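In this text, all values refer to a predicted model and were calculated from it rather than measured experimentally. Reminder, nothing fancy here: chain letters follow the sequence lines and each chain counts from 1.
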Amino acid sequence: MNSNNDPINPTTDDVSANFIHDLIDEDLAPGGRFAGKTVHTRFPPEPNGYLHIGHAKAIVIDFGTAEKYNGLCNLRMDDTNPSTEDVEYVEAIQNDIRWLGYDWGGRFYYASDYFPQMFDFACRLIEKGLAYVCELTPSQIRATRGTLTTPATPSPYRDRPASESLDLFRRMRAGEFPDEAMTLRAKIDLNSGNFNMRDPVLYRILRAHHHRTGDDWCIYPMYDFAHPIEDALEDITHSLCSLEFEDHRPLYDWVIEHIDAPAKPRQIEFARLNINHTVMSKRKLRILVEGGHVSGWDDPRMPTLSGLRRRGYTPASIRNFIERIGVSKVNSMVDYAFLEHCLREDLNQNARRVMAVLRPIKLIIDNYPADRNEKFPVENNPERPEDGVREVSFSRELWIEADDFMETPAKGYFRLFPGNEVRLKSAYIVRCTGCKKDADGQVRVVHAEYDPATRGGSTPDGRRIRGTIHWVDAATAQTAEIRLYDNLFSVEDPDTADQEIINHLNPDSLEVLPDCKIEASLQGCRPPEAFQFLRLGYFCPDNVDSRPDALVFNRSVSLKDSWRPK
RNA sequence: UGGGGUGUCGCCAAGCGGUAAGGCACGGGACUUUGACUCCCGCAUGCGUAGGUUCAAAUCCUGCCACCCCAGCCA
């Protein structure tokens with residue numbers, strides 16, 4: 001990512017300083033652990049689901065840190081558990097990372113590529129008396145692991161001769177034993193207060209078809225054994241991961257030390273990202289998808305990168321968000337409002353303004369000739385005058401927003417109400433003369449008279465017009481479907497409020513407006529183009545359902561609105 | 001109860017012994033042909049808590065308290 005191509009933050013696109021960078025600075029300093037070395041990080045997703053914004057934090061930290069130090073960052077599929085992984089996710093993961101704006105420069109690896117080396121390292125560990133084949137069942141292992149306060153009891157196989165373990169391990173690999181018959185375990189410390197050190201399992205027998213290695217293997221390494229090896233083989237200097245791996249670090253270091261690894265990466269842990277009113281675990285997101293509570297992994301309400309992309313979030317806004325929330329070791333919950341702020345900040349600068357009416361009612365300008373039509377120039381983006389203007393058609397009948405009219409105005413309301421003047425954006429000042437309602441008492445038509453002297457919305461006499469509203473010429477309007485979104489969950493923290501997250505779903509998280517009126521210039525627009533619908537918010541064509549002849553828009557985020565009755 | 005972490009404004013987060021940055025949110029005002037944007041102003045005598053060291057402590061020491069993670073042949 002070029003640090004100068006961000007229109008919002010031309011000079012602060014790098015990850016800002018944080019405790020990780022302090023540690024790296026120490027490592028790089030003369031006499032430091034990695035003095036003279038190139039900083040090398042990695043992003044190691046497991047291909048068992050779609051990436052979400054929590055992963056974006058890791059991605060920005062991993063790739064951003066490498067960038068900051070002019071180092072390298074590898075992309076590596078951590079595919080050591082074929083029972084949950086699938087090639088389907090591999091491509092999606094790469095797409096999402098590229099979309100965010102990061103490049104791994106050809107250094108795309110699979111943990112499974114290292115299976116042969118891992119097997120060799122394991123054999124060496126056995127020869128050194130540091131690992132043994134254990135024939136305890138899963139439940140027996142659990143039963144002998146001890147408790148918080150009592151140590152583990154030794155496996156009866158703990159002290160079998162290395163030669164015997166080596167033979168069994170090779171036969172495990174050869175497929176001579178059924179799943180769960182035995183494991184390879186490290187021999188470390190049964191008294192440790194850290195469960196990870198109580199003879200952790202290094203390899204298990206697992207007959208599952210691997211998406212890359214097929215049926216070559218029937219034993220697979222555990223994360224704790226595989227990860228440090230992957231890092232070491234790739235000459236990673238800093239292995240950045242989340243907090244829950246903190247007490248795995250002694251084991252990580254143990255593996256690095258005892259396999260005589262070609263490099264000694266340093267693991268540093270940081271806090272995961274949590275955002276209120278949503279969930280951030282693949283498991284829970286999967287519940288939403290498989291339960292049909294959302295339309296899929298890319299439902300615009302989902303915190304997945306594909307969902308955010310479909311919703312209209314830009315890569316820059318997400319990167320900016322991650323950079324600005326900072327990096328620390330405090331379990332935290334970031335306000336969704338801050339993510340929205342970052343999107344607005346980007347789109348305010350870059351989105352073309354356009355007029356659209358979500359809940360249309362007719363405005364008839366009684367003193368405007370029925371056969372007349374004018375074209376008014378309207379600026380495309382007041383933030384960027386160089387973007388110019390477009391011609392917008394105007395005639396006697398217009399669509400306006402239902403809540404831009406009140407028959408009896410609330411206190412402080414300065415839009416359309418009988419007797420009041422309002423400016424039709426870039427067109428004319430009109431005075432409301434009344435309204436017509438349907439049988440249900442709903443206002444269907446508002447009547448007004450325009451002031452010919454106010455062409456373009458100007459007031460030659462200098463009179464002050466408080467309200468300016470948007471409109472769409474009924475004669476040339478297009479109809480579109482617009483989807484409005486709200487929080488997926490009605491509670492701040494659906495993770496802890498209840499295990500049954502479904503009970504906390506916000507029933508109003510999606511509102512579909514099938515009959516919106518949009519200005520003609522929107523015809524043919526395609527994602528990922530973003531628009532500001534004047535006075536309403538930022539919208540973008542849906543990247544799944546929108547068609548040139550049947551536009552569908554998603555509201556990415558509303559505009560802030562400080563209006564409330566006084 | 002064992003081990004590993006963390007506690008600075010409603011939410012993030014700087015701070016690294018010299019007297020509490022910044023952003024979001026919120027409140028007030030200015031500007032406004034978007035009730036948007038922008039711009040001003042306000043927003044922790046206080047840094048989990050109790051002591052101690054020091055001329056000086058959010059920063060050092062000690063003791064408490066709270067919260068998070070760990071007993072998968074998941075990652």
Side-chain angles (χ1 to χ4, degrees), chain A residues 16-18 22 44-46 48 78 80-81 83-85 134 136-139 141-152 179-185 191-198 200-206 219-220 222-224 226-227 241-250 269 271 273 276 282-283 324-342 344-345 348-349 353 355 378-379 382-383 412-415 423-427 429 454 456-459 465-470 492 532-537 558-564:
Chain A
S16 50
N18 57 54
D22 292 343
E46 184 186 14
N48 69 345
D78 206 3
T80 58
N81 184 2
S83 62
T84 62
E85 295 151 10
C134 174
L136 258 23
T137 65
S139 64
I141 289 184
R142 199 177 317 121
T144 55
R145 182 116 47 203
T147 69
L148 293 180
T149 47
T150 61
D179 290 11
E180 299 192 344
M182 50 188 76
T183 59
L184 181 70
R185 289 229 257 166
N191 295 302
S192 175
N194 183 345
F195 284 103
N196 296 305
M197 303 301 267
R198 318 235 277 216
V201 171
L202 266 24
Y203 264 93
R204 77 282 215 185
I205 302 172
L206 186 61
I219 59 171
Y220 291 92
M222 300 291 288
Y223 169 88
D224 284 316
H227 209 83
C241 64
S242 46
L243 245 33
E244 69 269 28
F245 291 103
E246 206 148 18
D247 48 16
H248 290 242
R249 184 164 13 108
E269 312 84 9
L273 168 65
N276 56 16
K282 285 181 195 169
R283 205 192 103 255
R324 298 220 260 158
I325 55 173
V327 182
S328 73
K329 301 186 69 153
V330 188
N331 287 309
S332 61
M333 172 96 79
V334 178
D335 271 341
Y336 188 79
F338 188 55
L339 214 209
E340 293 188 316
H341 165 80
C342 292
R344 288 195 190 100
E345 185 178 57
N348 174 53
Q349 207 57 227
R353 270 60 168 176
M355 292 196 281
V378 184
E379 68 272 21
E383 300 291 329
Y413 186 82
F414 52 69
R415 281 112 93 169
R423 173 165 30 238
L424 297 175
K425 169 73 180 171
S426 296
I429 310 285
T454 58
S458 61
T459 50
I465 303 298
R466 253 340 267 295
T468 297
I469 66 172
H470 59 278
E492 277 224 354
Q532 184 196 100
F533 288 2
L534 220 61
R535 301 208 304 135
L536 298 175
S558 68
L559 243 34
K560 291 215 292 185
D561 182 7
S562 61
W563 152 248
R564 65 204 172 278

For A/T183 and A/R185, indicate whether the former's side chain and the latter's backbone hold a donor-acceptor pair under 3.5 Å.
no
Any strand: nucleotide that pairs with B/U38 via Watson-Crick or wobble, under 3.5 Å:
B/A30
In the structure shown, which nucleotide is the Watson-Crick or G-U wobble counterpart of B/G7, with both distances under 3.5 Å?
B/C65
Could you check if the base of B/G72 is syn or anti? Syn means the glycosidic torsion is within 90 degrees of 0.
syn
Please report the shortest heavy-atom distance between A/H470 and A/L534, naming the atom on each side.
ND1-O, 3.4 Å
Rounded to whole Å, NE2 of A/H470 lies from P of B/U32 at a distance of 22 Å
Can a salt bridge be assigned to the pair A/K282 and A/E46 using a cut-off of 4.0 Å between side-chain N and carboxylate O?
no
Distance check, C1' atoms only: B/U54 and B/U8, in whole angstrom units.
22 Å
Correct closest heavy-atom pair for A/P151 and A/N191 would be CB-OD1, 3.2 Å
Between B/U34, B/G35, B/C12, spot the one nearest the side chain of A/D561, thanks.
B/G35
N/O (side chain, A/S192) to phosphate O (OP1/OP2, B/G3) under 4.0 Å:
no
State, with a plain yes or no, whether a side-chain heavy atom of A/V334 is found less than 4.5 Å away from one of A/N276.
no
Checking all strands, does A/Y413 fall into the base, sugar-phosphate, or nothing category for heavy-atom contacts under 4.0 angstrom?
base
Can you give one letter per nucleotide of nucleotides 68-75 of chain B, 5' to 3': B if a protein heavy atom sits under 4.0 Å from the base, S if only from the sugar-phosphate, - if neither?
SBBBSBSB
Using a cut-off of strictly less than 4.0 Å, decide whether A/R324 has a side-chain nitrogen or oxygen near OP1 or OP2 of B/A13.
no
Phosphate OP1/OP2 of B/C24 contacted by A/H341 side-chain N/O (<4.0 Å):
yes
On RNA chain B, more 5' by nearest nucleotide between A/A337 and A/L424 is A/A337
Establish, with yes or no, whether the OP1 or OP2 oxygen of B/A36 is under 4.0 angstrom from a side-chain nitrogen or oxygen of A/S562.
yes
What's the closest nucleotide to the A/T149 side chain, out of B/G28, B/G23, B/U1?
B/U1
Regarding A/F414, tell me which of base, sugar-phosphate or nothing describes its non-hydrogen contacts under 4.0 Å with the strands shown.
base
Base, sugar-phosphate, or nothing: which does A/Q532 touch, judged by heavy atoms less than 4.0 Å apart?
base
Once you apply a heavy-atom cut-off of 4.0 Å, does A/M333 come out as touching a base, just sugar-phosphate, or nothing?
sugar-phosphate
Heavy-atom pair of closest approach, residues A/D78 and A/P44:
CB-O, 3.7 Å
Just checking A/I325: base, sugar-phosphate only, or nothing, at a heavy-atom cut-off of under 4.0 Å?
sugar-phosphate
Could you tell me how far apart A/Y336 (OH) and B/C12 (P) are, to the nearest whole angstrom?
17 Å
Expressed as a whole number of angstroms, how long is the span from A/K425:NZ to B/U33:P?
9 Å
Across the strands shown, which category fits A/G412 at heavy-atom distances under 4.0 angstrom: base, sugar-phosphate, nothing?
base
Restricting to non-hydrogen atoms, name the atom on A/N196 and the atom on A/D224 that form the minimum distance, rounded to 0.1 Å.
OD1-OD2, 4.4 Å
How many Å lie between CG on A/N348 and P on B/C24, as a whole number?
13 Å
Quick one: the side chain of A/R415 and the base of B/G35, do they pair up donor-acceptor inside 3.5 Å?
yes
Within the 4.0 Å heavy-atom criterion, would you say A/P382 contacts the bases, only the backbone, or no part of the nucleic acid?
base
Using a 4.0 Å heavy-atom cut-off, does A/S332 contact any base of the nucleic acid, only the sugar-phosphate backbone, or nothing at all?
sugar-phosphate
Checking B/G28, B/U6, B/A36 against the side chain of A/K329 (C-beta onward), the nearest is B/U6
Any non-hydrogen side-chain atom of A/R324 less than 4.5 Å from a side-chain atom of A/F338?
yes
Hey, is the side chain of A/K560 poking within less than 4.0 Å of OP1 or OP2 on B/G35, counting only N and O atoms?
no
Could you work out, with salt bridge (charged side-chain N to carboxylate O under 4.0 Å, His left out) as the rule, every residue matching A/E379, not counting sequence neighbours?
A/K425
Starting the side chain at C-beta, find the nucleotide from B/A13, B/C11, B/U32 nearest to A/R466.
B/U32
How many Å lie between CZ on A/R344 and P on B/U38, as a whole number?
11 Å
Rounded to whole angstrom units, what separation is found between the CD1 atom of A/I465 and the P atom of B/G35?
14 Å
